[in-house]
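So the structure is just underneath, and the comments pick up after that.
All chains are named by letter (A, B, ...) in the order of the sequence lines, taking the proteins before the strands, and each is independently numbered beginning at 1.
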Number of protein chains: 2
Amino acid sequence: MEKKYKISEFAHLVGLSPYTLRYYENEKLITPHRYDNGQRYYTNHDIRWVGFLLHLKGCGMSMNEIKEYVKLRSQGDSTIPQRKAWLQKVKANSLSKIKEMQFHLKILFHKIDWYDGKLNNCDYGSFAEYLDRFEKKGK
Amino acid sequence: MEKKYKISEFAHLVGLSPYTLRYYENEKLITPHRYDNGQRYYTNHDIRWVGFLLHLKGCGMSMNEIKEYVKLRSQGDSTIPQRKAWLQKVKANSLSKIKEMQFHLKILFHKIDWYDGKLNNCDYGSFAEYLDRFEKKGK
DNA sequence: ATATTCCTTAGAGTTAACTCTAAGTCAAGA
DNA sequence: TCTTGACTTAGAGTTAACTCTAAGGAATAT
């Protein structure tokens, strides 16, 4: 017999609120089982499923995109090529989002260095000048 | 004489809308100059400044955080240590956000591989089993 | 001359993803 | 018995960061 979790225990396990779980269910992302009296219960399988949904979310997929994906999934194995293509697009977006963030971060690093310079009374000139010098060095 | 840009030209240059620029100004993030007739104009210096704001934003800083930072800046060089500390916190957050995203992406990669397996009729079992095997190999 | 672009204030609308309330019912635990 | 936690539907509230409209006026471009 597999462990069964009621909504609040499950919510705690996956790091979501019962509200959010019902909301996701309403949006057809999750379909928990029910006891005869109507109460939901979730299993370890559901933990893995929600975990996967959160990975998708963490890769920057919106609710609507995830819903599309889940809809395809519900149509069976014939949609695997489409689902794979979806995930490849998500992967590309996610990678470029990371690259973009790293670029922004690089500037932040420089700004921190520039502050260090200011604090040590090294005259770096304006931040723009400092960056310019870096560009030239970089080449 | 430095080039002066009116709001819509400037908006185009920095990739924001005039609405957004006025909004940012209202929030004290930007302070463009004015012609005698009251029209705003922006300079290359403003391009660099907005660029920097967008880097901060791109590192995950919220409007409110950026406003705090800009407020400190307006108080002069004595706030440099605080500003540096701010940016260091932002840097740490940003790095951990990237790490998190990379972790989510790793799962996505695996899922794509798993789909490939399915499409080639290699029997990987369920995705959970596939991941489990990876964990063990990884050790 | 006419259309476009600029200005103002003030406030309403938008989007995503929750988050919660109301109002009423049901069932299990101490 | 009393509290706690589950259920329902339907809809309202929240937050961030815009995004736009209205209404009225001034200047510029074709």
Sort and list the pairs that fulfil salt bridge (charged side-chain N to carboxylate O under 4.0 Å, His left out) and have at least one residue in residues 4-16 of chain B, not counting sequence neighbours.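 Those involving residues 4-16 of chain B are Lys3(B)-Glu9(B).
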
Filtered N/O pairs between nucleotides 17-24 of chain C and protein, under 3.5 Å:
unit_1: dA17(C); atom_1: OP1; unit_2: Met63(A); atom_2: N; d: 3.3
unit_1: dA17(C); atom_1: OP2; unit_2: Met63(A); atom_2: N; d: 3.2
unit_1: dC18(C); atom_1: OP1; unit_2: Tyr24(A); atom_2: OH; d: 3.4
unit_1: dC18(C); atom_1: OP2; unit_2: Tyr24(A); atom_2: OH; d: 2.6

Determine the sole option in Phe10(B), Tyr24(B), Trp49(B) for which the ring pair (Phe, Tyr, Trp, His ring centres under 6.0 Å) test with Tyr42(B) is passed. Phe10(B)

Selection residues 25-35 of chain B - residue pairs positive for side chain to side chain donor-acceptor pair (under 3.5 Å), sequence neighbours left out: Glu25(B)-Arg34(B), Glu25(B)-Arg40(B), Glu27(B)-Lys67(B)

Rounding to a whole Å, what distance do you find between [X]:[atom1] and [N]:[atom2]?
X        : N       : atom1 : atom2 : answer
Asn26(A) : dA16(C) : CG    : C1'   : 16 Å
Leu56(A) : dA16(C) : CG    : P     : 18 Å
Tyr35(B) : dC6(C)  : OH    : C1'   : 11 Å
Glu65(B) : dT15(D) : CD    : P     : 16 Å

Distance alone, cut at 3.5 Å: any donor-acceptor contact between the side chains of Tyr41(B) and Asp46(B)? no

Atom pairs under 3.5 Å: protein N/O with N/O of nucleotides 5-13 of chain D:
unit_1: dA6(D); atom_1: OP1; unit_2: Ser8(A); atom_2: N; d: 3.3
unit_1: dA6(D); atom_1: OP1; unit_2: Ser8(A); atom_2: OG; d: 2.4
unit_1: dA6(D); atom_1: O4'; unit_2: Gln39(A); atom_2: NE2; d: 3.4
unit_1: dC7(D); atom_1: OP1; unit_2: Arg40(A); atom_2: N; d: 3.1
unit_1: dC7(D); atom_1: OP1; unit_2: Arg40(A); atom_2: NH1; d: 2.8
unit_1: dC7(D); atom_1: OP2; unit_2: Arg22(A); atom_2: NE; d: 3.3
unit_1: dC7(D); atom_1: OP2; unit_2: Arg22(A); atom_2: NH2; d: 2.9
unit_1: dC7(D); atom_1: O5'; unit_2: Arg40(A); atom_2: NH1; d: 3.3
unit_1: dC7(D); atom_1: O3'; unit_2: Arg34(A); atom_2: NH1; d: 3.4
unit_1: dT8(D); atom_1: OP1; unit_2: Arg34(A); atom_2: NH1; d: 3.1
unit_1: dT8(D); atom_1: OP1; unit_2: Arg34(A); atom_2: NH2; d: 3.1
unit_1: dT8(D); atom_1: OP1; unit_2: Arg40(A); atom_2: NH2; d: 3.4
unit_1: dT8(D); atom_1: OP2; unit_2: Arg40(A); atom_2: NH1; d: 2.9
unit_1: dT8(D); atom_1: OP2; unit_2: Arg40(A); atom_2: NH2; d: 2.9

Under 3.5 Å: donor-acceptor pair, side chain of [X], backbone of [Y]:
X         : Y         : answer
Thr79(A)  : Gln82(A)  : no
Arg133(B) : Tyr124(B) : yes
Arg83(B)  : Tyr115(A) : no

With rounding to the nearest 0.5 angstrom, report the OG to CG distance, Ser8(A) to Leu13(A). 10.0 Å

Find the bend of the helix from dA1(C)-dT30(D) to dA30(C)-dT1(D) as the angle between its two terminal axes (five pairs each), to the nearest 10°.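 Between the axes fitted at each end of the helix from dA1(C)-dT30(D) to dA30(C)-dT1(D) lies an angle of 10°.
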
Got a list of side-chain donor-acceptor pairs under 3.5 Å for residues 88-114 of chain A, not counting sequence neighbours?
unit_1: Ser96(A); atom_1: OG; unit_2: Asn93(A); atom_2: O; d: 3.1
unit_1: His104(A); atom_1: ND1; unit_2: His55(B); atom_2: ND1; d: 2.9
unit_1: Trp114(A); atom_1: NE1; unit_2: Gly125(A); atom_2: O; d: 3.0

Looking at Phe134(B) versus Tyr130(B), is the centre-to-centre ring distance below 6.0 Å? yes

